[in-house]
Asker: 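One structure, pasted below without further comment.
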Amino acid sequence: MRERSPYIVVVGPTASGKSQLCVALAHSMNGEVVSADSMQIYKELHIGAAKLTNEEMCGVPHHMMDVVSVGDSFTVADYRDRALKCMDEIFARGHVPIVCGGTGLYINALTGKLDFTAIQGDPSLRSELALYAKTEGKQALFARLKTLDALTASRLHPNDQKRVIRALEVTILTGKPYSEQVQSFAKSAYADVPALLIGLRWERKSLELRIRERVDSMMAQGLLEETKTLFTKGIPLEHPSMMGLGYRQLLQYLSGQIALKDAVERIKVDTRRFAKRQMTWFSRDLRIHWLNMDTETDLCVLLRSIRTMFMELK
RNA sequence: GCCUUGGUAGCUCAGUCGGUAGAGCAGUAGACUGAAAAUCUACGUGUCGGUGGUUCGAUUCCGCCCCAAGGCA
């Protein structure tokens with residue numbers, strides 16, 4: 001892990017106002033934004049990924065957006081490598097990186113001491129293991145993990161197939177238990193890094209309202225048209241880029257599975273649940289300084305308090 | 001006005017041959033190391049529409065009333 005100068009990280013659930021705040025923050029302190037968002041990665045995703053328009057970016061450079069195409073594969077490790085490189089370049093320019101995003105795993109990959117193993121995903125092994133689970137049962141797959149790596153098995157649920165498969169994958173490919181190669185988040189995530197982590201928090205009801213309004217506004221901006229364009233590309237619906245909130249539900253509508261009205265309602269419900277999961281994730285990161293957005297409505301006051309905290313960190 | 005079918009969890013409904021009830025979805029809480037907007041876990045008391053009757057006991061059977069949908073006028 002390389003040495004780093006101080007930088008800022010802004011996290012929070014979807015629709016909490018991170019992007020706008022980061023632009024203002026970057027403006028006021030010579031910063032550049034580094035997105036930490038698993039959907040903004042994709043070039044062809046705009047409205048549903050809630051990317052700011054060029055106009056809204058107000059000339060502030062944004063990184064880690066539009067880096068791969070929707071058909072490409074992309075992993076946390078890819079994110080970490082490329083984002084760290086971006087941050088190095090920003091520091092070299094004498095600017096401050098402002099990491100902005102709601103993908104908790106990406107945030108941890110960047111700010112924590114996440115030691116990824118050298119083992120990349122092996123699609124053929126994965127599908128082989130998935131087939132095994134399908135024919136022999138999830139319990140049988142889990143039993144294999146139990147014999148190879150009892151420690152990891154003890155913290156995973158047999159039904160959590162993705163994690164069971166990943167653990168088996170690493171263990172089989174290296175011949176060493178997965179648990180010897182990774183630490184749990186609890187031990188690693190609070191590493192002492194020179195970052196100021198800011199979290200944006202809303203009352204539940206306020207966030208729900210913001211989510212509803214944002215989905216309606218996305219539809220008004222042409223989310224359906226954007227999804228139709230994706231639909232014609234014929235990318236497998238299981239591809240991560242097709243699983244994004246908004247796209248997933250509208251693709252179901254376009255393939256005749258549900259009514260448009262229900263799809264839009266579904267987007268709102270699923271987005272709310274996602275926001276809840278994000279809050280669960282971030283709430284255990286004790287480094288985060290939470291700002292209550294319901295009460296702190298003055299942008300200038302917000303920016304000033306963040307800058308003050310950042311100066312104290314330095 | 002008459003007939004029919006319904007009224008059970010926030011929603012859609014199942015069920016109780018009379019011993020006060022349970023699924024899916026929603027909701028709440030949590031987990032999370034190379035798919036993460038993904039994936040996974042735990043959590044189920046509600047005047048069983050109202051009221052009177054029969055009964056040891058009624059959400060269940062009977063009467064009346066209210067509400068909804070459909071049909072006949």
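Everything numeric in this text was worked out from a predicted model, so none of it was measured.
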Asker: For RNA chain B, which residues of residues 239-257 of chain A approach it to below 4.0 angstrom with any heavy atom?
Answerer: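 Those residues whose heavy atoms fall under 4.0 Å from RNA chain B, taken from residues 239-257 of chain A in numerical order, are P240(A), M243(A), G244(A), L245(A), R248(A).
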
Asker: Anything below 3.5 Å on both distances counts as a pair; with that, list the stems of at least three consecutive Watson-Crick or G-U pairs involving RNA chain B.
Answerer: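 Ordered by first number, the stems with RNA chain B (at least 3 consecutive pairs each) read B:1-7 with B:66-72, B:10-13 with B:22-25, B:27-31 with B:39-43, B:49-53 with B:61-65.
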
Asker: Could you check whether T308(A) and E312(A), counting side-chain N and O atoms only, form a donor-acceptor pair closer than 3.5 Å?
Answerer: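 Checked: E312(A)/T308(A) side chains show no N/O donor-acceptor pair below 3.5 Å.
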
Asker: Could you list all N or O pairs between the protein and nucleotides 23-27 of chain B that sit under 3.5 Å apart?
Answerer:
| unit_1 | atom_1 | unit_2 | atom_2 | d |
| --- | --- | --- | --- | --- |
| rA26(B) | OP1 | R266(A) | NH2 | 2.6 |
| rA26(B) | OP1 | R273(A) | NH1 | 3.1 |
| rA26(B) | OP2 | R273(A) | NH1 | 3.3 |
| rG27(B) | OP1 | R272(A) | NH1 | 2.9 |
| rG27(B) | OP2 | R273(A) | NH1 | 3.1 |

Asker: Can you name the salt bridge (charged side-chain N to carboxylate O under 4.0 Å, His left out) partners of D78(A), sequence neighbours left out?
Answerer: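 Here no residue qualifies.
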
Asker: Salt bridge (Lys or Arg N to Asp or Glu O under 4.0 Å): which pairs involve residues 126-135 of chain A, sequence neighbours left out?
Answerer: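 Counting only pairs at least two positions apart or across chains, the salt bridge (Lys or Arg N to Asp or Glu O under 4.0 Å) contacts touching residues 126-135 of chain A are R126(A)-E169(A).
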
Asker: Measuring only the C1' atom in each nucleotide, how far is rG57(B) from rC43(B)? A whole number of Å is fine.
Answerer: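 After rounding to an integer number of Å, I get 32 Å for this pair.
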
Asker: Rounded to whole angstrom units, what separation is found between the CD1 atom of I165(A) and the C1' atom of rG34(B)?
Answerer: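 Taking CD1 of I165(A) and C1' of rG34(B), I get 14 Å after rounding.
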
Asker: Figure out the CZ/P separation between F74(A) and rA36(B), and round it to whole Å.
Answerer: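 In whole Å, rA36(B) P and F74(A) CZ are 9 Å from each other.
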
Asker: Rounding to an integer number of angstrom, what distance separates rU12(B) and rG18(B) when you compare their C1' atoms?
Answerer: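 The answer is 27 Å between these two C1' atoms.
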
Asker: Figure out the CD/C1' separation between Q161(A) and rA35(B), and round it to whole Å.
Answerer: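 After rounding, the gap between these two atoms is 13 Å.
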
Asker: Report yes if a side-chain nitrogen or oxygen of N159(A) is closer than 4.0 Å to either non-bridging phosphate oxygen (OP1 or OP2) of rU39(B); otherwise report no.
Answerer: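 No, N159(A) has no side-chain N/O under 4.0 Å of OP1/OP2 on rU39(B).
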
Asker: Could you measure between the two P atoms, the one in rU5(B) and the one in rG63(B), and give it in whole Å?
Answerer: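 Result for the P pair: 12 Å, nearest Å.
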
Asker: OP1 or OP2 of rA29(B) less than 4.0 angstrom from a side-chain nitrogen or oxygen of K276(A), does that happen here?
Answerer: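 K276(A) to rA29(B) OP1/OP2: side-chain N or O found under 4.0 Å.
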
Asker: In whole angstrom, give me the gap between the C1' atoms of rU60(B) and rG10(B).
Answerer: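 Rounded to whole Å, the distance is 25 Å.
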
Asker: Distance-only check: which donor-acceptor pairs under 3.5 Å involve side-chain atoms of residues 234-241 of chain A, not counting sequence neighbours?
Answerer:
| unit_1 | atom_1 | unit_2 | atom_2 | d |
| --- | --- | --- | --- | --- |
| H239(A) | ND1 | V70(A) | O | 3.1 |
| H239(A) | ND1 | S241(A) | N | 3.0 |
| H239(A) | ND1 | S241(A) | OG | 2.8 |
| H239(A) | NE2 | V70(A) | O | 3.3 |
| H239(A) | NE2 | G71(A) | O | 3.3 |
| H239(A) | NE2 | D72(A) | O | 2.8 |
| S241(A) | OG | V70(A) | O | 2.7 |

Asker: By the ring pair (Phe, Tyr, Trp, His ring centres under 6.0 Å) test, which pairs, at least two apart or in different chains, include something from residues 60-90 of chain A?
Answerer: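 Of all non-adjacent pairs touching residues 60-90 of chain A, those that pass ring pair (Phe, Tyr, Trp, His ring centres under 6.0 Å) are Y79(A)-Y106(A).
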
Asker: Sort and list the pairs that fulfil salt bridge (Lys or Arg N to Asp or Glu O under 4.0 Å) and have at least one residue in residues 5-30 of chain A, not counting sequence neighbours.
Answerer: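 Pairs touching residues 5-30 of chain A that pass the test: none.
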
Asker: Quick check on contacts: within residues 120-151 of chain A, what sits under 4.0 Å from RNA chain B by heavy-atom distance?
Answerer: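 The answer is Q120(A), G121(A), R126(A).
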
Asker: Pick base, sugar-phosphate or nothing for Y79(A), based on heavy-atom distances below 4.0 Å to the nucleic acid.
Answerer: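 No contact at all - Y79(A) keeps every heavy atom at 4.0 Å or more from the nucleic acid.
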
Asker: Say whether R155(A) and S179(A), considering side chains only, have a donor N or O and an acceptor N or O under 3.5 Å apart.
Answerer: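 S179(A) and R155(A) do not have a side-chain donor-acceptor pair below 3.5 Å.
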
Asker: If we take the P atom in both rA14(B) and rU51(B), what is their distance in whole Å?
Answerer: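 It works out to 24 Å between them.
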
Asker: Once you round it to whole Å, what is the distance between C1' of rA36(B) and CH2 of W281(A)?
Answerer: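 Atom-to-atom, W281(A) to rA36(B), this comes out as 7 Å.
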
Asker: Look at the side chain of D160(A) and decide which nucleotide, out of rA36(B), rU39(B), rU33(B), has an atom nearest to it.
Answerer: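 The nucleotide sitting nearest to the side chain is rU39(B).
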
Asker: I'd like to know if R163(A) reaches the base of rA36(B) with its side chain such that a donor and an acceptor end up less than 3.5 angstrom apart.
Answerer: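 Indeed there is one.
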
Asker: Using a cut-off of 4.0 Å on non-hydrogen atoms, how would the nucleic acid contact of I119(A) be classed: base, sugar-phosphate, or nothing?
Answerer: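 Contact class for I119(A): base.
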
Asker: So how far is it from L125(A) CG to R166(A) CZ, rounded to the nearest 0.5 Å?
Answerer: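 One finds 10.0 Å between CG of L125(A) and CZ of R166(A).
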
Asker: Output the rounded distance in Å from CZ (F274(A)) to C1' (rA36(B)).
Answerer: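 Checked: the CZ to C1' distance equals 8 Å.
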
Asker: Is L52(A) reachable from V215(A) through a run of hydrophobic residues whose side-chain heavy atoms are each under 4.5 Å from the next?
Answerer: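 No, no single cluster joins them.
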
Asker: What is the separation between atom CZ on F282(A) and atom C1' on rG30(B), rounded to the nearest whole Å?
Answerer: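 To the nearest whole Å, that distance equals 16 Å.
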
Asker: What I'd like to find out is whether the side chain of M64(A) reaches to under 4.5 Å of the side chain of R82(A), using heavy atoms alone.
Answerer: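 A side-chain contact exists here, since the closest heavy-atom pair is under 4.5 Å.
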
Asker: List the steps, then state whether salt bridge (Lys or Arg N to Asp or Glu O under 4.0 Å) holds for E89(A) with K85(A).
Answerer: CA-CA 6 Å; E89(A) 288 164 8; K85(A) 196 156 163 275; 3.8 Å; yes

Asker: Whole angstroms only, please: what is the CG-C1' distance between L105(A) and rA31(B)?
Answerer: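 In whole Å, rA31(B) C1' and L105(A) CG are 13 Å from each other.
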
Asker: Return each pair, listed once, that meets salt bridge (Lys or Arg N to Asp or Glu O under 4.0 Å) where at least one residue sits in residues 291-304 of chain A; pairs must be two or more places apart or across chains.
Answerer: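 Every pair satisfying salt bridge (Lys or Arg N to Asp or Glu O under 4.0 Å) with a residue in residues 291-304 of chain A: there are none.
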
Asker: Got a sec, which pairs hit salt bridge (Lys or Arg N to Asp or Glu O under 4.0 Å) with one end in residues 44-69 of chain A, sequence neighbours left out?
Answerer: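 Listed by first then second residue: K51(A)-D66(A).
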
Asker: rU33(B) phosphate, OP1 or OP2: any side-chain N/O from R155(A) under 4.0 angstrom?
Answerer: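 The answer is yes; a side-chain N or O of R155(A) sits under 4.0 Å from OP1 or OP2.
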
Asker: Looking at residues at least two apart in the chain, or sitting in another chain, which of them share a salt bridge (charged side-chain N to carboxylate O under 4.0 Å, His left out) with K228(A)?
Answerer: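 By the salt bridge (charged side-chain N to carboxylate O under 4.0 Å, His left out) rule, K228(A) matches E225(A).
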
Asker: Nearest to the T280(A) side chain among rG30(B), rG34(B), rU41(B), which nucleotide is it?
Answerer: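 Shortest atom-to-atom distance from the side chain points to rG30(B).
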
Asker: Pick the C1' atom in rU39(B) and in rU4(B), then give their distance to the nearest Å.
Answerer: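 It comes out at 50 Å once rounded to the nearest Å.
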
Asker: Considering only the P atoms, how many Å lie between rU47(B) and rU8(B), rounded to the nearest integer?
Answerer: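 Taking atom P in both rU47(B) and rU8(B), they lie 10 Å apart.
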
Asker: Using the C1' atoms only, state how far rG6(B) lies from rC48(B), rounded to an integer number of Å.
Answerer: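 The same atom, C1', in both gives a distance of 14 Å.
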
Asker: What is the distance from CE of M39(A) to P of rA35(B), rounded to the nearest Å?
Answerer: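 So the two atoms are 13 Å apart, to the nearest Å.
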
Asker: In terms of side-chain heavy atoms, does K233(A) have a donor or acceptor partner in T229(A) at a distance below 3.5 Å?
Answerer: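 Short answer, no.
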
Asker: Less than 3.5 Å apart, any donor N or O on the side chain of T111(A) or R287(A) sitting next to an acceptor on the other?
Answerer: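 A pair is found: one side chain offers a donor N or O, the other an acceptor, under 3.5 Å apart.
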
